[in-house]
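Following: one structure in structure tokens, then a few remarks.
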Amino acid sequence: MFDRLDDILIRYEELMLELNNPSVAEDQNQFRKLMKEHADLTPLVETYKKYKDAKQTVADSLAMLEEESDEEMREMLKEELSEAKKSIEQLENEIKILLLPKDPNDDKNVIVEIRAGAGGDEAALFSAELCRMYTRFAERNRWKVEMISVNESGIGGMKEVVFMISGQGAFSKLKYESGVHRVQRVPATESGGRIHTSTSTVAIMPEAEEVDVHLDLNDCKFDVFRASGNGGQCVNTTDSAVRLTHLPTGIVISCQDEKSQLKNKEKALKVLRAKLYELECEKKQSAEAEERRSQIGTGDRSEKIRTYNFPQGRVTDHRIKLTLYKIDSIMDGDIYELIDSLIAADQAAKLAKLNEE
């Protein structure tokens, strides 16, 4: 491990020299590539330097203890030695985590698809609340949210909503949200005060670039139609909405959020690329089913991943058996504790597997 770290340190120094070379800045593509590599290596390099400093502190403290006779000074050295040893243990664990293979999709923007499941109108209302939760989370991170399509229910709910979240590390945070989300509460339409259980399915897909997936437009059928629902002038008076059918897979995407037919077509293609890319990823990962089952956030939509219990004010993530009693702040987009815990559990599982190997 340490030979690899020393090689990374050498590469980091080389990158610093290359980035300071004026000729490199002239090639913007190369410059961006080097900047990304530099940014990716920086956390690991800084942690490794702290680790080396802590090791040096241990060595220095031990050497001084052998020579020092003053008891007060010896106590200070022992305390310094103890803190340095604790720091080494912590930094070693951080280094192992930073050395774990990185998901190539982590830096990508995401396309979020939320569908109402069991529960009728109540499931649609819950889907709308999940949409708001992720939108608020994006706002807290200063990420951009762009609506792609919405199929509303009559009472303010959403039968289906698709939107894009653009921002640094969006997929790395939100990828754990794929799955079935369950809500337990008394619906507004329930006169008897009984608690109902409804579900919504969330799919988180990394935005796919043209280089990520081959898409033949000859395999695509486009239909245009008049948009329905709220939208402002023109939205209901022109054939601006687009329905895209991918003939080989049967995937159908409708987009009517924009007044421009061309923009709706572009958005529909973005969603299709993401779906095709996800299918390709699932094919590759099916051979590693056992490994996927051992990890958090595999995106298996057949399993219930989280329950939102409103009468008890709690949210429970069943994958890591975490229960938080702050449902109001969570529904307002404060899902950091959930996501951080999922990331920690995922890293712990990967570290355990690495140690076994």
Side-chain angles (χ1 to χ4, degrees), residues 110-138 145 147-163 165 173-205 251-254 271 274-275 278-279 282 292-293 295-335 337-339 341-342 345:
V110 298
I111 290 173
V112 184
E113 185 180 79
I114 303 172
R115 292 176 184 269
D121 286 341
E122 171 63 7
L125 285 168
F126 181 52
S127 293
E129 289 175 70
L130 287 176
C131 176
R132 182 183 180 276
M133 180 180 83
Y134 293 125
T135 301
R136 291 284 294 120
F137 179 67
V145 178
M147 281 292 162
I148 292 175
S149 68
V150 182
N151 181 5
E152 297 176 332
S153 67
I155 56 171
M158 294 176 175
K159 295 177 184 176
E160 178 185 316
V161 57
V162 183
F163 55 98
I165 295 178
K173 301 286 187 187
L174 290 169
K175 63 183 176 182
Y176 302 98
E177 295 301 298
S178 284
V180 176
H181 294 241
R182 183 175 72 170
V183 62
Q184 295 174 325
R185 64 182 173 191
V186 179
T189 53
E190 169 60 52
S191 57
R194 293 174 301 168
I195 294 173
H196 287 228
T197 298
S198 305
T199 61
S200 292
T201 300
V202 175
I204 304 290
M205 298 170 285
I251 293 172
V252 178
I253 295 147
S254 296
V271 177
K275 284 180 176 283
E278 186 186 35
L279 285 174
E282 284 176 0
R292 291 183 69 207
R293 279 196 295 271
Q295 294 176 7
I296 302 298
T298 58
D300 185 348
R301 296 177 202 163
S302 66
E303 64 181 59
K304 170 189 67 189
I305 65 165
R306 194 176 294 153
T307 295
Y308 304 74
N309 186 301
F310 279 80
Q312 296 177 16
R314 65 174 170 84
V315 175
T316 300
D317 197 291
H318 304 288
R319 295 165 294 179
I320 53 174
K321 297 178 174 58
L322 172 69
T323 297
L324 301 174
Y325 288 89
K326 53 175 191 178
I327 196 165
D328 290 339
S329 62
I330 286 171
M331 297 311 295
D332 192 43
D334 182 10
I335 56 176
E337 193 171 349
L338 285 165
I339 287 173
S341 299
L342 287 161

Can you name the nearest heavy-atom pair linking [X] to [Y], along with the distance?
| X | Y | result |
| --- | --- | --- |
| T307 | K304 | OG1-CD, 3.9 Å |
| G119 | S198 | CA-OG, 3.7 Å |
| Q312 | N309 | N-OD1, 2.9 Å |
| G156 | A128 | O-CB, 3.8 Å |
| S153 | M158 | OG-N, 4.1 Å |
| I327 | R314 | CD1-O, 3.8 Å |

Go through the steps to decide whether R132 and M331 satisfy the test side chain to side chain contact (heavy atoms under 4.5 Å, CB included), and finish with yes or no. CA-CA 8 Å; R132 182 183 180 276; M331 297 311 295; 5.7 Å; no
What I want to find out is whether E129 reaches R136 closely enough, with some N-O distance under 4.0 Å, to be called a salt bridge.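 Not counted as a salt bridge, because no side-chain N and carboxylate O are separated by less than 4.0 Å.
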So that I can tick it off, tell me whether E177 and K175 are bridged by a salt bridge, with the cut-off set at under 4.0 angstrom between side-chain N and carboxylate O.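 Looking at E177 together with K175, the answer is no, because their closest N to O distance does not fall below 4.0 Å.
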What verdict does the side chain to side chain contact (heavy atoms under 4.5 Å, CB included) test give for L130 and V202, after you've listed the backbone C-alpha separation in whole Å, the side-chain angles of each residue and the deciding distance to 0.1 Å? CA-CA 9 Å; L130 287 176; V202 175; 4.1 Å; yes
Okay, side chain of S200, backbone of A116: is any donor-acceptor separation there less than 3.5 Å?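 Not confirmed, S200 side chain does not pair with A116 backbone.
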Check: T316 side chain, T323 main-chain N or O, donor-acceptor pair, under 3.5 Å: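 No, because the side chain of T316 does not come within donor-acceptor range (under 3.5 Å) of the backbone of T323.
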Mind telling me whether Y308 and H181 have parallel, tilted or perpendicular rings, with 30° and 60° as the class edges?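 H181 vs Y308 ring planes: parallel.
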Drop me the distance from [X]'s [atom1] to [Y]'s [atom2], to the nearest 0.5 angstrom.
| X | Y | atom1 | atom2 | answer |
| --- | --- | --- | --- | --- |
| D317 | I339 | CG | CD1 | 10.0 Å |
| F126 | T199 | CZ | OG1 | 9.0 Å |
| T135 | I165 | OG1 | CD1 | 6.5 Å |
| R319 | S341 | CZ | OG | 11.0 Å |
| I320 | R306 | CD1 | CZ | 8.0 Å |
| L342 | I305 | CG | CD1 | 8.0 Å |

Is there a side-chain contact between [X] and [Y] (heavy atoms, below 4.5 Å)?
| X | Y | value |
| --- | --- | --- |
| L324 | L338 | yes |
| D332 | M133 | no |
| M205 | K275 | yes |
| S127 | V161 | no |
| I114 | F163 | yes |

Between D328 and K326, does the side chain to side chain contact (heavy atoms under 4.5 Å, CB included) criterion hold? Intermediate values first, please. CA-CA 6 Å; D328 290 339; K326 53 175 191 178; over 6 Å; no
Do you see a donor-acceptor pair shorter than 3.5 Å between the side chains of R115 and T201?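 No, no side-chain donor-acceptor pair sits under 3.5 Å.
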I need the single residue from R185, R194, K159 that forms a salt bridge (charged side-chain N to carboxylate O under 4.0 Å, His left out) with E122. Which is it?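 Of the listed options, the one satisfying the test is R185.
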Using the rule given for side chain to side chain contact (heavy atoms under 4.5 Å, CB included), can you reason through Y134 versus I335, listing the C-alpha separation, both sets of side-chain angles and the distance that settles it, and then say yes or no? CA-CA 9 Å; Y134 293 125; I335 56 176; 4.1 Å; yes
